[in-house]
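Residue numbers start at 1 and run along the sequence shown.
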Amino acid sequence: VVTWAIGHLVSLCEPGEVDPKYQKWSMTTLPMLPENIPLKVLPGTKDQFAIVNKLMNSAKIDSIICATDSAREGELIFRYIYQMAKCEKPVERLWISSMTDAAIRQGFAELKPASAYDALYTSARCRSEADWLVGMNASRAFSLKYDAHLSIGRVQTPTLSLIVKRDREIEAFVPEDYWELTADFGDYSGLWINPDAKVDDASRANETRIPDRAIAERVKAEIKGQTGRVTEANYERKHFAPPQLFDLTSLQREANRKFGFSADRTLKLTQALYETHKLVTYPRTDSRYLPDDMRPKIRKVLSMLPEPYASFIASDQMNLNMHSKRYYDNTRISDHHAIVPTDRKPNLSALNPDEAKIYDLIARRLIAAHYPDYECDSTRVITEVGAHRFKSTGSTPAVQGWHAVYSEDKSGKKAEKPIPKLNIGDERKVGKVSIKESRTKPPAPHTDASILNLMENAGRDIEDEVLREKMKSSGLGTPATRAAIIERLIQVGYAQRRGKSIVSTPKGRQLIDVVPVQISSAVTTGKWEKALSEMAVNADLSARTAKEERFMSGIRKFSIFLVEAAKQASPSVHFEKE
């Protein structure tokens, strides 16, 4: 008998359901630190829970196989249902991350008792209860303090902090005028290199900026009519591998950049392609790799693609036997692999225009992975005119490679004027000299794409190396929840959309000003993830229990600290009445 959950069917109870004294919001009942947080069936999916419950307890069923996602949340979903159903039948665990027939058969041949995953469940339950304790206590305490609805959480508050930080950087930005001087050498031109420029990035983008027009005029006068001599001429063939396959976050970023879709919109469209049309694989994944055993299936997928993709498959550039670790790597897959088309022949006319755009992104990305590298000739030339140095850079396509898959997409890209083949010692007379005035620009406001990127890489600024490494594999939230976090910030009035941008509101800024940095910083999430990960792999029961007790004790203390912080928070801040 096969049945399923629809995400979570069971969750932790609300405070008022835990104890009637918590029904009324009052500072006297905080912090709320129940010894046990009971479970409840979620009202929206109670019908499906009833089906699962009936089957689990049916006299015809003698044992159960848990086949939820092979990760922390998948384990939690099953264990909560099993507990709520008061089921005591033996359970085995199916643990697979590849959906090929062979992998599924192998998984069923290697079932393990559920007890082998007790550590993973302990970690999942601690995460769930910790979020409850911190979120419920902090939200109530700060809401009561300021008489306003203030929602606080370990993922949404650091995410809001990232938006507020960017908005304040933009506000504090003071634009500066600068000038650039270009010398025409006949068949190429060069920008004057300012020897006093502050160059703070690898691209040396600022080295041609001149802070004072008078300097530019002086240089112009000194080089007019003079002869320049080539002192450096570097020509390099550069190779660019095809981009990696999509996980959900990278797909959301790409769709936001290309089509202006919000993260939530992209998730819904991809979910429709997966659920309704059966044309793409499971979307809520954080992996950009495929398992090795999917190679034959991928060949079949590619052969099923209709026009406009079929001509790319038929091209002599197509390598159907591609087997690169950049795309196939079993060690880089957790519960799900990268998002790719399925082997169902698509009827593209059945898709709405936005679904077709998302399918196109996914299909082209898979095709591109089977194409050769894009190659271009990169040039950097230095021409000296007296004491002055001028740089000329350029890039000329040499081998189209995977760029051919995107040949129709020429959006706004101007072709660079190629630089002729020059040798050291070549001389050119200086022709026209032009001076261009510009102003420095503030950082761009956040978009869905940039917020997703920061959430995914939230730990890169953390100084503690171990925490930074842990955040690298987790970030803020999960691919499945990041879009909902962004929408939640907008829904509770902390942020708003302004065109394609997402900016903080006065309410959002005030919240970041009044909450302690411990709840608005990604470091806290990094510490939690480190402790939870260690718990999840600890096979020794007594050691795991000790870790669990230490972790939950720390969470309880943190909840007490947040309530005290709310009580002592600045009384001079006033949130608008809602």
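Looking at Asn457, its side chain does come within 3.5 Å of a backbone N or O of Asn453 through a donor-acceptor pair. Ser450 places a side-chain N or O within 3.5 Å of a backbone atom of Thr447 that can act as its donor or acceptor partner. The backbone N or O of Pro242 lies less than 3.5 Å from a partner atom in the side chain of Arg326, making a donor-acceptor pair. A distance-only check finds a donor-acceptor pair linking the side chain of Asp426 to the backbone of Asn423 [under 3.5 Å]. Ser533 contributes no side-chain N or O that, together with a main-chain N or O of Lys530, makes up a donor-acceptor pair within less than 3.5 Å. A distance-only check finds no donor-acceptor pair linking the side chain of Tyr359 to the backbone of Pro346 [under 3.5 Å]. Counting only distance, with no hydrogens or angles, the side chain of Asp373 and the backbone of Glu375 share no donor-acceptor pair below 3.5 Å. The backbone N or O of Gly477 lies less than 3.5 Å from no partner atom in the side chain of Thr481, so there is not a single donor-acceptor pair.
Within the structure, the salt bridge (charged side-chain N to carboxylate O under 4.0 Å, His left out) test picks out the following pairs touching residues 510-523 (sequence neighbours left out): Arg168-Asp513. Identified under the salt bridge (charged side-chain N to carboxylate O under 4.0 Å, His left out) test for residues 496-508, with sequence neighbours left out: Asp448-Arg497, Glu487-Arg497, Lys507-Glu578.
Taking the ring-ring contact (aromatic ring centres under 6.0 Å, His included) definition, one finds that His370 meets it with nothing, sequence neighbours left out. By the ring-ring contact (aromatic ring centres under 6.0 Å, His included) test, Tyr178 is found to be paired with no residue, residues two or more places apart in sequence or in another chain being considered. Residues meeting the side-chain hydrogen bond (donor to acceptor under 3.5 Å, both in side chains) test with Glu307, sequence neighbours left out: Ser311. Under the side-chain contact (heavy atoms from CB on, under 4.5 Å) criterion, Ser315 pairs with Gln317, Tyr371, sequence neighbours left out.
Using bins of under 30°, 30° to 60° and over 60° for the plane-to-plane angle, the ring pair Tyr274/Tyr282 lands in the perpendicular bin. The aromatic rings of Trp402 and Tyr406 sit perpendicular to each other, their planes meeting at more than 60°, with 30° as the lower class boundary.
Contact check on Asp377 versus Lys238 returns no salt bridge, with no Lys/Arg side-chain nitrogen under 4.0 Å from an Asp/Glu carboxylate oxygen. Salt bridge Lys357/Glu254: absent, no basic N to carboxylate O contact under 4.0 Å. We find that Glu456 and Arg253 are joined by a salt bridge, their nearest charged nitrogen and carboxylate oxygen being less than 4.0 Å apart. Taking a cutoff of 4.0 Å between a charged side-chain nitrogen and a carboxylate oxygen, Arg209 and Glu176 do not qualify as a salt bridge. Ion pairing between a basic and an acidic side chain is recognised when a charged N comes within 4.0 Å of a carboxylate O; Glu207 and Lys391 show such pairing.
Remark: Thr379 OG1 to Tyr235 OH distance equals 5.5 Å, nearest 0.5 Å.
Heavy-atom contacts from other residues, nucleotides or ligands closer than 6.0 Å to CZ of Arg332 number 12 or fewer. Remark: Lys220 NZ is packed, more than 12 non-hydrogen atoms of other residues, nucleotides or ligands lying under 6.0 Å away.
Separation of the Phe185 and Tyr188 ring centroids falls under the 6.0 Å cut-off.
At a threshold of 4.5 Å between non-hydrogen side-chain atoms, the residues Met455 and Thr159 count as touching.
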Item to check | Candidate pair Arg509 and Glu171, rule salt bridge (Lys or Arg N to Asp or Glu O under 4.0 Å), full reasoning | outcome: CA-CA 13 Å; Arg509 294 175 187 218; Glu171 271 180 13; 2.6 Å; yes
